[in-house]
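Take a look at the structure set out below.
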Amino acid sequence: MNYFEYLEKTKGINLNPEQRQAVSFNRGNALVLSTAGSGKTTVIVSRAGRLIYENLCKNKILTITFSKMAAEDMKNRFSRVFDEEFLIKTDFSTIHSFSYKIIRDYLRKTNKKLELIPSNYKIVEQILKEQYSKEYISIVNEEEVENVLSKITYAKNMMLNSNELEASNIGIKNFKEIFTKYDEYKKQNNLMDFDDILHYGYNLLSKYSYYNDWMKSEYDFIQIDEMQDTSKIQHAIIKAISNNNLFMVGDDDQSIYSFRGSFPEYMLNFSQIYKDGKVFYLSNNYRSDANIVKTAKKLVENNKFRYKKPIIAKHEAKNEVHIVKAKDRALQAKYIVNDIKNYTDKKIGILYRNNISSLMIANALNENSYDFQIKDDKTKFFKSFVLYDVLAFIKLSFNIRDRESFSKIYYKSYTYFNKSMCNFVLKYKDESLSVFEILKRIPNLEYYMYDRIDSFKHDVLRISKLKPKDIIEFIKKDLEYLTYLEKLDDDGRNSLNSTLLILEILDEIARYCKTIEEFINKIYYLQELLSKSSKNKSANITLSSIHSSKGLEYDIVYMIDNIDKEFPMERRNESIEEYMKILEEERRVFYVGLTRAKERLNVISPIRPSIFIEEMINKSENLTSPIKDKFRKKS
C-alpha cells in the first residue's frame with residue numbers, strides 16, 4: 001500500500017491535501033508556511049516517516065527544534081506512530097545540542113579544555129560593578145544584570161562584530177566594553193556560555209571540512225521546526241550542514257522572540273535565498289472557533305511585513321469573541337472569577353503580556369477558592385529593585401536609624417548624597433543617632449547640604465503618615481524617584497516601561513489596603529501564593545505569559561491587561577522605523593494569545609484599551625462591540 005494509505009489504515013492519520021503535498025516533498029529546499037493549529041508537527045513527523053517508509057533515507061533524518069521540551073515532545077510523537085526500525089533512523093535535537101556534539105568531538109581529539117560556564121550572572125555582575133564604581137551609582141541590581149545578559153544573547157545570535165556592536169542600537173551605556181570584558185574573561189578561563197555553543201560549533205564547521213563532511217554523511221535530510229524563531233547564527237549552522245536540502249516549517253505571524261535574536265527575515269526572504277525553493281501552505285486552523293480565527297486573522301493582517309497567506313477555520317462559528325472593558329485591574333479580576341464558574345470542567349488559560357500581570361488575578365482566584373497554576377513563575381516583581389526601593393523608603397520612614405534601608409535609596413531621590421557620605425553613615429559607631437544626624441556630622445560638608453538633609457528627612461518621615469494609596473505617587477513625584485528611573489532608562493540599565501509597571505502594580509495593591517502594615521504583608525503574601533501555585537500542575541486554570549503559552553491551547557482564554565502603552569509598549573527613543581518593527585512584533589504576540597483559544601475568547605481591557613482592541617473592533621464583524629464595561633453591567 002502507498003504511504004498515505006498506510007498512515008490512514010494502520011496509524012489512524014488522515015492528512016488533508018495541503019499536508020499531503022508538504023509531506024510528499026523529497027529533496028531540495030522547502031518552506032512550509034503554517035498557521036496556528038494547522039498540524040505542523042503532524043507534517044514534520046509524517047514526512048520523516050514517509051522518507052523512511054519509501055526507503056529514500058539511507059542514513060538518518062535530523063529534525064531540529066529550539067527547546068529541549070519541544071525536541072522530546074516531537075520524538076515522543078514520532079515513537080507513538082512509528083516503530084523502532086523507524087526511530088533508529090531519526091534524531092530530534094535542539095540546535096545547541098547539535099552544536100555541542102561537534103564541540104565535544106573537537107575537544108576530545110585535540111585534548112583542549114573548554115567548559116560550559118556554571119553561571120554567567122556573577123561574572124557580568126562583577127563587570128558591571130567595576131563599570132559603575134567610578135560613578136555615584138554603586139549598586140547593581142538583578143534586572144540590570146539580566147538585561148545585559150539578554151543583550152549579549154541578542155548580539156551573539158545576530159552575529160554582531162566589533163564595529164556592529166559599536167553602531168547597533170543595543171541601548172546600554174558602554175555595552176561594547178562590557179561585552180568585550182565578558183568575552184575576555186571566558187577566554188582566559190577556558191569557559192563558554194550557552195550562546196558560545198553556537199559560535200564554537202559554527203566556527204568548527206567553517207574551519208574544518210571534516211565536520212561538514214561528517215554531518216552531511218550522517219544526515220540525508222534536515223528538517224527545521226519553528227523556522228520563524230531561527231537566529232542568524234542558527235541559520236548559518238543549519239545552512240552549513242544542509243547540503244542544499246532543507247525542509248523548514250514555521251509561521252511568520254508567530255515570530256515573537258526578536259529580543260533573543262530570532263530573525264524571521266530568513267522566512268520572508270526565502271525565495272531570494274533559495275532560488276529553487278518550494279513553498280507549501282498549511283492554511284487550515286483545526287483548533288479554534290471560526291469567530292476566533294476570523295478575528296485573529298484580521299488583527300494580524302494589519303502587519304505589513306508578513307506572508308499574505310490563507311487562514312481558514314475548520315470549526316463552525318459558535319461563540320462570539322468578547323471584548324470586556326473594566327475600570328481597573330480589580331474589576332477585571334472580579335469579572336474573571338465570576339465568569340469562570342460557568343466553565344469548571346474546561347481547560348482555562350489566563351494570558352498576559354507581562355508576568356507581573358499575574359499578581360492581581362492570582363490574588364482574586366485564591367480569595368475565591370479557585371485552584372490554579374502559574375506556568376513558570378518568572379515574575380521578577382518580588383526580586384525587583386523597584387520593590388526593594390519602595391520598601392526601603394517605607395522602612396526608613398518608620399525607623400530613621402535604619403542604615404541598611406538608607407544605603408539602598410540615598411542617591412535615588414533629589415538628595416545628591418554620594419557614596420562616601422553613605423559609607424560615613426554605615427561606619428559611624430554611635431548607633432543611637434539617626435542617619436540624618438550622622439549625615440550632619442560629615443566633616444567639611446557643604447553648607448547647602450544641611451538644608452537638603454533636613455528636607456529629605458521631612459519628606460521621608462511624611463511617608464509614615466500617608467495612606468497606602470498615596471505612598472507610590474509621593475515617592476515617585478515628591479521624592480523624585482521617577483527622575484532616577486528615567487536616568488537608568490537613558491543609560492540602558494533598565495527599561496522605564498517595566499519599572500513604571502511595577503510601581504503601577506504596587507499602587508494598585510496599596511489602594512485596597514487600609515494600613516501600611518497591611519500593604520507590606522500583602523506583598524509577602526502574594527509572593528508566597530505565586531511560589532506555591534507554580535507547583536500546582538494539576539489545576540484546570542493556568543496563568544501564563546503569552547510567550548510561555550506559545551504552542552499550547554486552552555478551551556477558554558482570558559487575555560488580560562490589554563492596556564494602551566503597556567501592550568503594545570509606548571514609543572520612547574526609537575525611530576519611527578524601529579518602533580514600527582516593535583509594533584509589528586507586539587501585534588504578533590497579541591495574535592499568538594488570541595489563537596491559544598479553542599472555544600471561547602475574552603479580551604479584557606482595564607483602564608485604557610490597547611490599540612489592538614480597536615483594530616479588532618474596527619476590522620471584525622463578529623465581536624461584542626462597542627467596548628463597554630460588561631462586568632459593571634452584570635453586577
Side-chain angles (χ1 to χ4, degrees), residues 67 69 121 141-147 149-151 153 256-260 329-330 332-333 336 348-366 370 372-388 390 485 494-509 522-537 539 541-552 554 557-563 565-570 582 585-586 588-594 596 603-607 610 612:
S67 76
M69 186 183 296
Y121 181 94
N141 63 66
E142 185 174 331
E143 287 157 81
E144 286 182 82
V145 179
E146 291 185 357
N147 184 36
L149 288 171
S150 174
K151 298 300 186 184
T153 290
I256 59 173
Y257 294 110
S258 67
F259 60 89
R260 67 186 188 201
R329 285 184 170 92
Q332 170 183 253
I336 293 171
I348 294 169
I350 300 174
L351 310 182
Y352 33 79
R353 175 64 178 85
N354 301 299
N355 280 300
I356 197 171
S357 293
S358 63
L359 285 169
M360 299 297 290
I361 189 66
N363 181 54
L365 289 168
N366 183 66
Y370 283 109
F372 64 94
Q373 178 206 3
I374 291 187
K375 188 177 186 296
D376 302 327
D377 177 23
K378 291 179 181 175
T379 176
K380 297 183 177 71
F381 179 82
F382 300 107
K383 294 180 180 178
S384 166
F385 77 94
V386 176
L387 171 61
Y388 293 154
V390 168
L485 296 179
N494 283 103
S495 160
L496 184 63
N497 286 326
S498 63
T499 53
L500 289 180
L501 182 56
I502 290 168
L503 288 175
E504 188 176 337
I505 293 292
L506 280 169
D507 189 55
E508 193 83 27
I509 295 169
K522 189 70 169 179
I523 291 167
Y524 291 124
Y525 161 77
L526 287 170
Q527 182 177 18
E528 185 179 348
L529 174 64
L530 264 64
S531 176
K532 184 175 69 174
S533 300
S534 65
K535 302 175 181 69
N536 193 14
K537 298 188 185 297
I541 302 172
T542 300
L543 275 61
S544 173
S545 70
I546 297 172
H547 282 88
S548 291
S549 74
K550 190 166 174 286
L552 303 177
Y554 304 93
V557 163
Y558 299 89
M559 278 179 64
I560 66 172
D561 282 4
N562 301 293
I563 302 170
K565 297 180 182 177
E566 283 187 24
F567 190 13
M569 68 178 70
E570 182 180 11
I582 292 170
E585 176 153 341
E586 290 284 280
R588 293 195 294 268
V589 175
F590 200 89
Y591 171 80
V592 168
L594 298 177
R596 300 310 94 199
V603 182
I604 311 173
S605 168
I607 315 169
S610 164
F612 297 149

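Side chains included, hydrogens not; waters and symmetry mates left out as well; all remaining heavy atoms used.
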Q) Is there a donor-acceptor contact under 3.5 Å from the side chain of Ser357 to the main chain of Asn354? A) yes
Q) Taking the side chain as C-beta and beyond, is there a heavy-atom pair between Thr499 and Leu496 under 4.5 Å? A) yes
Q) What's the spacing between Ile350 CD1 and Ile361 CD1 if we round to 0.5 Å? A) 4.5 Å
Q) What is the minimum heavy-atom distance between His547 and Ile256, and which atoms define it? A) NE2-O, 2.9 Å
Q.
Less than 3.5 Å apart, any donor N or O on the side chain of Glu144 or Asn141 sitting next to an acceptor on the other?
A. yes
(Q) Using a 3.5 Å distance criterion without hydrogens, assess whether the side chain of Glu143 forms a donor-acceptor pair with backbone atoms of Asn494. (A) no
Q: Could you tell me whether a side-chain N or O of Tyr352 sits under 3.5 Å from a main-chain N or O of Asn562, the two making a donor and an acceptor?
A: no
Q: Would you check if Tyr388 and Glu142 make a side-chain contact, meaning some heavy-atom pair closer than 4.5 Å?
A: no
Q.
With rounding to the nearest 0.5 angstrom, report the CD1 to CD distance, Ile356 to Glu566.
A. 9.0 Å
Q | Minimum side-chain heavy-atom gap Glu504-Ile607 below 4.5 Å | A | yes
Q. With a 4.5 Å heavy-atom cut-off, do Tyr525 and Asn366 have their side chains touching?
A. yes
Q | Closest heavy-atom pair and its distance - Val557, Gly593 | A | CG1-O, 4.2 Å
Q) Of all heavy-atom pairs between Leu506 and Ile523, which one has the smallest distance, and what is that distance? A) CD2-CD1, 3.8 Å
**Q.** Short side-chain to backbone donor-acceptor contact, Ser533 and Leu530, under 3.5 Å
**A.** no
Q.
How long is the straight-line distance from CD1 of Ile541 back to CD1 of Ile374, given to the nearest 0.5 Å?
A. 11.5 Å
**Q.** Salt-bridge present (Asp561, Arg329; N to O < 4.0 Å)
**A.** yes
(Q) With rounding to the nearest 0.5 angstrom, report the CG to CD1 distance, Asn355 to Ile546. (A) 10.5 Å
Q: Evaluate the side-chain proximity of Leu526 to Asn363: yes if any heavy-atom separation is below 4.5 Å, no if none is.
A: yes
Q: Search all heavy atoms of Ser531 against all heavy atoms of Ser534 and return the closest pair with its distance.
A: O-OG, 2.7 Å
Q | Taking every non-hydrogen atom, the tightest pair across Phe567 and Val589 | A | CZ-CG1, 3.9 Å
Q: Give a yes or no on whether the backbone of Ser548 and the side-chain of Ser545 come within a donor-acceptor separation of less than 3.5 Å.
A: yes
Q) When you look at NZ of Lys522, are more than 12 heavy atoms from neighbouring residues, nucleotides or ligands closer to it than 6.0 Å? A) yes
**Q.** Qualifying residue for side chain to side chain contact (heavy atoms under 4.5 Å, CB included) with Ser544, from Arg596, Gln373, Lys375
**A.** Lys375
(Q) I want to check something: taking the side chain as every heavy atom from C-beta on, are Leu351 and Tyr554 in contact at a cut-off of under 4.5 Å? (A) yes
Q) Does any non-hydrogen side-chain atom of Met559 lie less than 4.5 Å from one of Phe590? A) yes
Q: Could you tell me the separation between the CD atom of Gln332 and the CD1 atom of Ile560, rounded to the nearest 0.5 Å?
A: 5.0 Å
Q. Looking at side-chain heavy atoms only, is the closest gap between Thr153 and Phe259 below 4.5 Å?
A. no
**Q.** OG-CG distance between Ser498 and Leu485, expressed to the nearest 0.5 angstrom
**A.** 9.0 Å
Q | Heavy-atom pair with the smallest gap, counting every atom of Phe382 and Leu359 | A | CZ-CD2, 3.3 Å
